[in-house]
2 protein chains.
Amino acid sequence: MVAKPPKPKAAPARERERYHHGELRRGLIDAALELIGSGGPEAFTLREAARRLGVNHRAAYRHFADKETLLAAVAEQGFWALLGAAREAVGALPEATPEARLLAIGRAYVRFCAMNPAHFRVMFGARLNEGGRFPALEVPIAEAFEVLQREVASGVEAGALAAGTGPRMAALSLWSAMHGLATLIVTRRIAVRKERLASTVDTLLGPTVRGLVAKR
Amino acid sequence: MVAKPPKPKAAPARERERYHHGELRRGLIDAALELIGSGGPEAFTLREAARRLGVNHRAAYRHFADKETLLAAVAEQGFWALLGAAREAVGALPEATPEARLLAIGRAYVRFCAMNPAHFRVMFGARLNEGGRFPALEVPIAEAFEVLQREVASGVEAGALAAGTGPRMAALSLWSAMHGLATLIVTRRIAVRKERLASTVDTLLGPTVRGLVAKR
DNA sequence: ACCTGAACACCGTTCAAGT
DNA sequence: ACCTGAACACCGTTCAAGT
């Protein structure tokens with residue numbers, strides 16, 4: 001009679017070894033994104049994520065105080081990436097018109113959200129910093145809004161954008177439009193094929209950008 | 001010695017009586033909204049809702065197949081109410097310009113979402129009809145989009161709106177902007193005092209509406 | 001016909017040990 | 001120091017009874 005393996009669920013020791021130097025933290029974040037990506041936010045459980053990595057679910061608490069802290073790490077990572085995408089978009093168009101630069105930010109924003117729906121859901125789903133528990137989340141958001149506002153302000157300065165009610169309000173207008181479009185695409189209320197994403201964004205954000213440019 | 005009441009948690013029989021004629025259904029929906037309103041979507045559990053109404057948690061299954069079905073009922077109710085608000089808004093301005101009528105729809109949409117955050121979260125949070133399980137949810141959404149699209153189309157017909165890429169795309173532009181603004185307000189990324197809501201909406205949706213009106 | 005309670009398979013999190 | 005397993009208080013949902 002063959003001896004029954006004592007723990008059929010556990011990963012082999014060599015595989016577990018990989019999680020000794022912060023790899024587990026990374027692995028848990030990736031597992032969370034996978035689970036959310038395939039089954040929605042409620043499909044992510046600490047226990048299932050740990051199970052997938054072949055560790056005891058208690059091991060997660062070594063890297064994260066609790067489930068919400070893990071989600072905050074996912075969100076923070078996402079916000080920095082979104083900020084990077086926006087900066088890259090404007091950086092690539094140093095000589096373009098304000099209209100073109102604002103549209104480029106919109107394309108980058110919507111593209112990031114559409115391509116990273118799991119991140120998007122964590123970033124903009126529950127209000128993780130509601131109780132002020134994760135103030136670090138506000139940093140990249142504030143910087144991203146800064147990018148937008150600066151673009152608007154320099155457009156006004158150059159005489160290409162109407163001053164209107166000020167750069168803050170104009171930036172909020174554009175943020176609303178970008179964010180709404182991203183939301184409707186991620187929740188599949190607007191269906192867009194990947195290769196048509198950029199032109200769809202141009203079409204749908206066009207009125208808002210033109211409205212900011214229009215002299216009234 | 002006083003006899004210990006056998007079930008301290010249960011509501012008195014007379015109170016329970018109220019739930020015999022469909023009242024329990026209504027009560028569960030209201031309890032769900034309350035719980036979501038105060039503690040977010042994850043604060044709503046069938047067991048807690050039933051507990052608040054003084055009934056066994058199994059009683060909920062008499063009115064709803066499962067938790068998701070109860071949420072779908074909440075969402076459907078919300079979508080019809082949102083549609084009603086939009087219709088009322090345009091109905092009140094029979095002679096106004098297309099620009100004013102579109103802005104009025106935007107105000108109604110954002111106001112509904114801002115005043116009913118629990119509904120909003122259920123309606124636009126998880127994609128309840130993802131698997132085609134609740135097709136009834138699509139009816140009021142489609143009708144609401146119809147209202148928007150018809151406004152745009154009649155504005156184009158009257159020569160007051162640029163034809164652009166067609167009424168569908170124009171309506172999607174406006175929907176994105178409205179929805180994004182509503183989302184940012186509900187998630188408190190934009191803070192607005194109640195009495196300034198209408199003027200804030202006008203300011204922030206103004207560029208989009210003007211962009212639709214502009215002749216290019 | 002309607003409501004209930006025990007039971008099942010899950011959670012997140014805490015506590016107390018194991019190496 | 002690090003990981004684990006049992007335990008606790010919750011879930012949603014199923015099953016089998018109670019009136």
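Here is how names work: the chains are called A, B, and so on, in the same order as the sequence lines, proteins then strands, and each is numbered from 1.
Here the side chain of R121(B) pairs no donor or acceptor atom with the backbone of I36(B) at under 3.5 angstrom.
Going from atom CG of D66(B) over to atom C1' of dC11(D) covers 14 Å, rounded to whole Å. Taking atom CD of residue E42(B) and atom P of nucleotide dC11(D), one finds them 13 Å apart after rounding to whole Å. As rounded to whole Å, 10 Å separates atom P of dG12(C) from atom CG of L71(A). Atom CG of L53(B) is separated from atom P of dT4(C) by 12 Å (rounded to the nearest Å). Residue H63(A) contributes atom NE2, which lies 16 Å from atom P of dA1(D) at whole-angstrom precision. Atom CZ in F64(B) sits roughly 13 Å away from atom P in dC3(C) (whole-Å rounding). Residue R51(B) contributes atom CZ, which lies 10 Å from atom C1' of dC11(D) at whole-angstrom precision. Protein atom NE2 of H57(A) is 12 Å distant from nucleotide atom C1' of dC8(D), rounded to whole Å.
Using a 4.0 Å cut-off between charged nitrogen and carboxylate oxygen, R25(A) and D30(A) do not count as a salt-bridge pair. Remark: E48(B) engages R51(B) in a salt bridge, criterion side-chain N to carboxylate O under 4.0 Å.
Both R47(A) and N56(A) lie close to DNA chain D; mapped to their nearest nucleotides by heavy-atom distance, the more 5′-ward contact belongs to N56(A). With the nearest nucleotide of DNA chain C identified for both E48(A) and R58(A), E48(A) has the one nearer the 5' end.
Look at dC3(D): it lacks any Watson-Crick or wobble partner with both distances under 3.5 angstrom. Searching all strands for a Watson-Crick or G-U wobble partner of dA17(C) with both distances below 3.5 Å returns nothing. Pairing partner, dG12(C): dC8(D), with both Watson-Crick or wobble hydrogen-bond distances short of 3.5 Å.
Using bins of under 30°, 30° to 60° and over 60° for the plane-to-plane angle, the ring pair Y109(A)/F124(A) lands in the tilted bin.
One cannot find a donor-acceptor pair under 3.5 Å joining the base of dT4(D) and the side-chain atoms of R62(A).
Side chain of V55(A), nearest nucleotide from dT13(C), dC11(D), dT4(D): dT4(D).
A sub-4.0 Å separation between OP1 or OP2 of dT13(D) and a side-chain N or O of Y61(B) is present.
To the nearest 0.5 Å, the span separating CG on L172(B) from CD1 on I190(A) amounts to 4.5 Å.
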